[in-house]
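All values below were derived from every heavy atom in this structure, side-chain atoms included, with hydrogens, water molecules and symmetry-related copies excluded. Counting starts at 1 for both ligands and their atoms, in listed order.
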Amino acid sequence: MCGIVGYLGNKEKTISVLIEGLKTLEYRGYDSAGIAYQKENKIKIIKSVGRLQNLEQKINLEDSILGIGHTRWATHGKPSTTNSHPHQVGSITLVHNGIIENYIELKQSLEKIGYHFQTETDTEVATAYIDYCYKQTKDMIKALKKAKEKLKGSYAFGIINSDEPNTLYAMKKESPLILGRSKDELFLASDPMAISSHTKEICYLKEGSIAKLEKNKITLIEDKETTPTWVTLDIEQTKCNKNGYEHYMLKEIHEQPDVIYNTIMPYLENNLENLHKMPHFSKYQKIQIVACGSAYHTGLVGKWMLETYANIPVEVEIASEYRYKKVFYDKKTLVIVVSQSGETADTLASLRKANKDGIDTLAIVNVITSTIAREAKYVLPVKAGIEIAVATTKAYLAQLALFSLITLKLALEKNQVNEEELEELLVHYQKLPIKIKKMLKELNLKELASKVYKNEDIFFLGRGIDYAICTEASLKLKEISYIHSESYAAGELKHGTISLINKKTPVLSLVTDKYITEKTISNIKEVKARGAYSIVIITQQLDEEADYYDDKIVIPNTHFLLQPILNIIPFQLLAYEIAKLRGCDIDKPKNLAKSVTVE
Ligand code: F6R
């Protein structure tokens with residue numbers, strides 16, 4: 001989703017800092033980009049649609065002391081050079097992440113007093129409104145305060161006022177924005193990654209803050225003028241390279257053994273010392289898990305783990321629905337939000353809703369410095385490291401591992417696990433990273449991918465926990481290969497969707513739960529009888545020679561609580577191989593964004 005970089009400092013560096021910063025934000029997804037910089041007290045703007053290379057081709061490395069840059073993921077108005085940022089109205093040039101909700105009303109009132117608009121965007125209206133406020137007040141801080149009162153929605157702004165050379169402004173509400181500093185240089189960014197090669201010293205702007213950046217001077221206004229709080233960025237969180245892999249997604253899939261080790265081991269060492277330090281879960285009578293996309297799919301697995309192993313009712317909710325619906329919770333409810341980025345707008349709004357109602361909240365997040373991590377009552381970090389590929393793999397897997405640990409903690413609190421069972425489970429935990437490593441080494445799905453990659457529809461079937469994994473398997477495939485795919489609870493298919501099964505339609509069925517194996521197999525036979533190309537993904541223990549599949553993938557067994565963690569891996573790899581055969585842009589699928597900061 002949109003990205004912002006701003007710089008004030010060395011005149012020889014400005015343009016390269018902006019371009020380099022925008023490149024690090026590419027993974028978030030964008031469809032156009034632009035920069036604005038100060039040149040002899042004028043503001044020069046260069047914009048382009050498409051990839052950053054297109055923008056770079058238009059840019060000369062001129063000297064400039066300050067500038068702002070932006071990658072745009074279209075929300076209001078199509079991707080085009082005109083609609084891309086920076087926008088300029090009067091003396092104001094601005095980049096924006098977020099959505100101005102009342103832009104139509106503002107646009108109409110600004111038009112009445114003589115403003116004309118060139119674009120279809122909400123951002124141009126915000127730019128005009130700030131220009132209007134500035135004309136009224138003749139003071140930029142006053143103007144921004146006035147605009148803050150009027151603008152509804154979410155925004156992170158990087159702003160230049162051509163009347164005030166050598167000065168950058170920033171303003172933030174519900175969209176991430178940070179400041180950075182190093183000797184004689186100041187930075188602005190929507191994501192620390194964008195400036196991490198220049199500085200590790202950053203300041204997270206609070207809701208509603210306004211910042212004025214001048215050479216070696218920052219004026220920060222929260223409720224009143226205040227001094228910035230600087231923190232040091234975790235270097236590990238900013239490392240990013242493909243390490244010899246063709247794509248980030250493949251690299252991240254192969255990082256999963258380490259990610260699982262790093263996520264679980266801190267809880268298991270020293271006689272489960274850190275596991276016992278997790279919040280006290282047995283005081284809750286109900287859990288609600290709220291998230292979006294793959295993180296929502298994690299929630300479906302979390303529900304199965306918690307209900308099956310720890311005996312507590314769990315509801316899983318899509319955050320964009322939860323935030324606006326009537327929710328039934330009370331002081332005995334724990335709301336768990338799950339988010340890789342920790343910035344997803346709907347998940348954040350759901351967290352805030354629960355916080356506001358005084359409900360206990362727990363965040364499972366990968367980016368520990370994110371807004372969600374900062375605002376939840378309890379935080380359990382997953383140790384996935386930075387995830388660059390838009391399609392999540394390692395963060396999803398680490399979230400599953402964390403849910404298994406929460407489940408174990410609750411089951412232990414409720415005395416539902418005897419010593420022998422615990423011993424057995426801990427042995428399985430220890431072996432998990434090695435098993436994942438072995439699977440990744442041995443699974444070669446290129447041939448299978450070559451049999452199905454030309455299809456335009458692929459179905460995924462499973463019951464219970466296998467269905468929960470299929471939801472993620474299906475999403476993984478469609479988002480990176482653009483093949484239409486659906487996941488179905490195996491018993492549900494014959495209530496309508498089976499009409500879509502044609503000769504050779506690939507149907508991938510996951511069979512790992514011994515209590516419902518026979519039931520799932522009956523459903524597989526139903527689709528096979530209708531000509532489907534049946535691919536079965538089955539655990540070693542359940543594997544048998546049979547006539548209900550055309551191809552199969554066998555998965556090693558582990559403890560039943562941990563089994564889902566292994567089960568998703570073949571689907572990640574298969575989606576990757578299929579997308580590769582189809583020539584897709586695997587790390588940056590079309591229309592998608594890594595961090596969805598608008599609702
Ligand atoms: C799909 C994917 C998305 C995210 C969703 C939530 O591969 O990554 O569906 O899971 O946008 O994002 P986070 O986890 O950052 O809240």
Geometric cation-pi criterion Arg582 and Tyr482, 6.0 Å radius, 45° cone: no
Amino acids in close contact with ligand 1, where any non-hydrogen atom sits under 4.0 angstrom away: Cys292, Gly293, Ser294, Ala295, Ser339, Gln340, Ser341, Thr344, Val390, Ala391, Thr392, Leu475, Lys476, Glu479, Val596
Phe459 and His484 aromatic ring geometry - parallel, tilted or perpendicular at 30°/60° bounds: perpendicular
Glu207 and Lys173 ion-paired at < 4.0 Å: no
Glu456, CD: over 12 other non-hydrogen atoms inside 6.0 angstrom: yes
Distance-only donor-acceptor check, side chains Ser485 and Ser474, under 3.5 Å: yes
Residue from Lys356, Arg352, Lys206 passing salt bridge (charged side-chain N to carboxylate O under 4.0 Å, His left out) with Glu375: Arg352
